[in-house]
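Step one of this worksheet: look at the structure below.
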Amino acid sequence: MKFLVIKHAIVEGLGIFEQFCQKAGIAVDYVELEKGDRFPSLEGYAALCVMGGPMNVGEEADYPWLVEEKALIRQAVQELQLPYLGVCLGAQLLADALGGEVSAMSAPEVGLLPITLTDAGQQHPLTAGLPDTLKVLQWHGQAVQKLPPGATVLASSAHCPVQAYAVSVGGESPQESRVFGLQFHSEVSAATIKEWVEIPAYRADLDVTLGPTGCEALTQAVRERLPIMNHEANVIFDNFLKIVKG
């Protein structure tokens, strides 16, 4: 089994999910857009994973490959009906590509913050085994404001109502959906914060939201909670893998 993973920034990869793929015997091919990689054919892949990045879905003039990427996402989920997992920007690109709307929030959401499963999320195969409320790493200034057709919210928070969602693209029920967006960063690892503060846009959001000492406080908070977060990430990954295998 082989996954295709699209990376928009060198430091935004699969994170802890990469270890889970290795353990499960899943091969991974990366598209490194920051290095100038081109999008390959989707033939032979069992799933498409699209990760985060500092750009926004509407910045096609600055990042022309966004047009091609959105077309690839539509092909993957609508034509080929490939399982899809989008994280942060990957979740926003999914919504935009399928007819939803993404725009800036009133203020960036950065930090270790709680989200709550919706009634649908409490019953969905992707989020089965998670607590009703969990703390997750947030780091984004834009959000899905309007869901695409066929979408169901699986998790929400007061500041960002669409934290996780599923999309039914072939007439299946929400419970049978194989296409998902996660606004939060379940893939966080011990190195995540250290790497991300090197990206100017990320550092700016951090300073605006948490202040000049926020990096140290957030790093410590993530370090203390990392075992729980990695366990919850493992639950999500295992659930997604079960869905991929059908």
Quick one: are His140 and Pro108 in side-chain contact, heavy atoms under 4.5 Å?
no
Just say parallel, tilted or perpendicular for the rings of Phe3 and Phe240, cut-offs at 30° and 60°.
perpendicular
Could you tell me if the side chain of Met229 sits less than 4.5 Å from the side chain of Leu134, heavy atoms only?
no
Donor-acceptor pair, side chain of Glu172 and main chain of Val169, under 3.5 angstrom
yes
Would you say Ile10 and Tyr202 are hydrophobically clustered, going by side-chain heavy atoms of ILVMFWY under 4.5 Å?
no
Expected output: side-chain Asn230 to main-chain Val188 donor-acceptor under 3.5 Å:
yes
Aromatic centroids of His124 and Phe180 separated by under 6.0 Å:
yes
Distance (rounded to the nearest 0.5 Å) between Glu101 CD and Gln142 CD
12.0 Å
Ser41 side chain to Glu43 main-chain N or O, any donor-acceptor pair under 3.5 Å?
yes
Write down the atom of Ala233, the atom of Phe17, and the distance for their closest heavy-atom approach.
O-CE2, 3.5 Å
Tell me every residue that passes salt bridge (charged side-chain N to carboxylate O under 4.0 Å, His left out) with Arg74, counting only those two or more places apart in sequence or in another chain.
none
Do Trp196 and Leu137 touch side chain to side chain, with heavy atoms closer than 4.5 Å?
yes
Report yes or no: does Thr209 contribute a side-chain atom to a donor-acceptor pair with the main-chain N or O of Leu206 at less than 3.5 Å?
no
When you group the ILVMFWY residues by side-chain heavy-atom contacts below 4.5 Å and let the links chain together, are Leu126 and Tyr84 in the same group?
no
Mind listing the closest non-hydrogen atom pair of Val28 and Val5 along with its distance?
CG1-CG2, 3.6 Å
State the CG-CD distance between Leu82 and Glu79, to the nearest 0.5 angstrom.
10.5 Å
Of all heavy-atom pairs between Ser186 and Ile16, which one has the smallest distance, and what is that distance?
O-CG2, 4.1 Å
Verify, without hydrogens or angle tests, whether Asn239 (side chain) and Pro125 (backbone) share a donor-acceptor contact under 3.5 angstrom.
yes
Kindly state each residue pair satisfying ring-ring contact (aromatic ring centres under 6.0 Å, His included) with at least one member in residues 62-81, sequence neighbours excluded.
His8-Trp65, Tyr63-Trp65
In terms of hydrophobic clustering (I, L, V, M, F, W, Y; side-chain heavy atoms under 4.5 Å; direct or indirect links), are Val110 and Val11 co-clustered?
yes
Please test Tyr165 against Thr152 for side-chain contact (heavy atoms from CB on, under 4.5 Å), starting from the C-alpha separation and ending with a verdict.
CA-CA 5 Å; Tyr165 68 100; Thr152 301; over 6 Å; no
Are Ile193 and Leu226 joined in one hydrophobic group, where the rule is that I, L, V, M, F, W and Y side chains link up if heavy atoms are under 4.5 Å apart?
yes
Close side-chain approach of Leu218 and Val222, heavy atoms under 4.5 Å:
yes
Looking at Arg178 and Ile243, what are the two nearest heavy atoms and their distance?
NH1-O, 3.0 Å
Donor-acceptor under 3.5 Å (Gln92 side chain, Val57 main chain)
no
Any Ser168 side-chain heavy atom under 4.5 Å of Glu176 side chain
no
Separation between CD (Glu224) and CG (Leu112), nearest 0.5 Å, reads 9.5 Å
Verify side-chain contact (heavy atoms from CB on, under 4.5 Å) between Glu187 and His185, making sure each step is shown before the conclusion.
CA-CA 5 Å; Glu187 81 284 8; His185 289 281; 2.8 Å; yes
Could you give me the CA-CA distance, side-chain angles and deciding distance for Ile236 and Thr127, then say whether side-chain contact (heavy atoms from CB on, under 4.5 Å) is met?
CA-CA 6 Å; Ile236 292 173; Thr127 42; 5.5 Å; no
Within the structure provided, determine whether Pro83 and Leu48 are in side-chain contact (heavy-atom separation under 4.5 Å).
no
Check: Leu93 and Ile6 side chains under 4.5 Å, non-hydrogen atoms:
no
Under 3.5 Å, is there a donor-acceptor pair between the Gln22 and Glu18 side chains?
no
Could you tell me whether the side chain of Gln175 and the main chain of Gln123 form a donor-acceptor pair under 3.5 Å?
yes
When rounded to the nearest 0.5 angstrom, what is the spacing between CG in Leu42 and CG in Leu72?
4.5 Å
Considering all heavy atoms, the nearest Lys70-Ala97 contact
O-CB, 3.7 Å
When you compare the side chain of Glu12 with that of Lys7, does any pair of heavy atoms fall below 4.5 Å?
no
Is it true that the side chains of Glu109 and His159 contain a donor and an acceptor less than 3.5 Å apart?
no
Interatomic distance, CD@Gln138 vs SG@Cys160, rounded to 0.5 Å, equals 6.5 Å
Taking every heavy atom of Ala128 against every heavy atom of Val235, the minimum-distance pair comes out as O-CG1, 3.2 Å
Let's go through Val50 and Val87 carefully: what are the C-alpha distance in whole Å and the side-chain angles of both, what is the deciding distance for side-chain contact (heavy atoms from CB on, under 4.5 Å) to 0.1 Å, and is it a yes or a no?
CA-CA 6 Å; Val50 180; Val87 175; over 6 Å; no
Criterion salt bridge (Lys or Arg N to Asp or Glu O under 4.0 Å) on Arg203 and Asp207, from CA distance to verdict
CA-CA 6 Å; Arg203 183 70 197 219; Asp207 290 344; 3.3 Å; yes
Side chains of Tyr30 and Asp37, donor plus acceptor under 3.5 Å:
no
Answer with yes or no whether the side chains of Ser156 and Gln163 bring together a donor and an acceptor at under 3.5 Å.
no
To the nearest 0.5 angstrom, please state how far the CG atom of Leu241 sits from the SG atom of Cys21.
8.0 Å
Does one hydrophobic cluster hold both Leu98 and Leu89, with members joined at side-chain heavy-atom distances below 4.5 Å?
yes
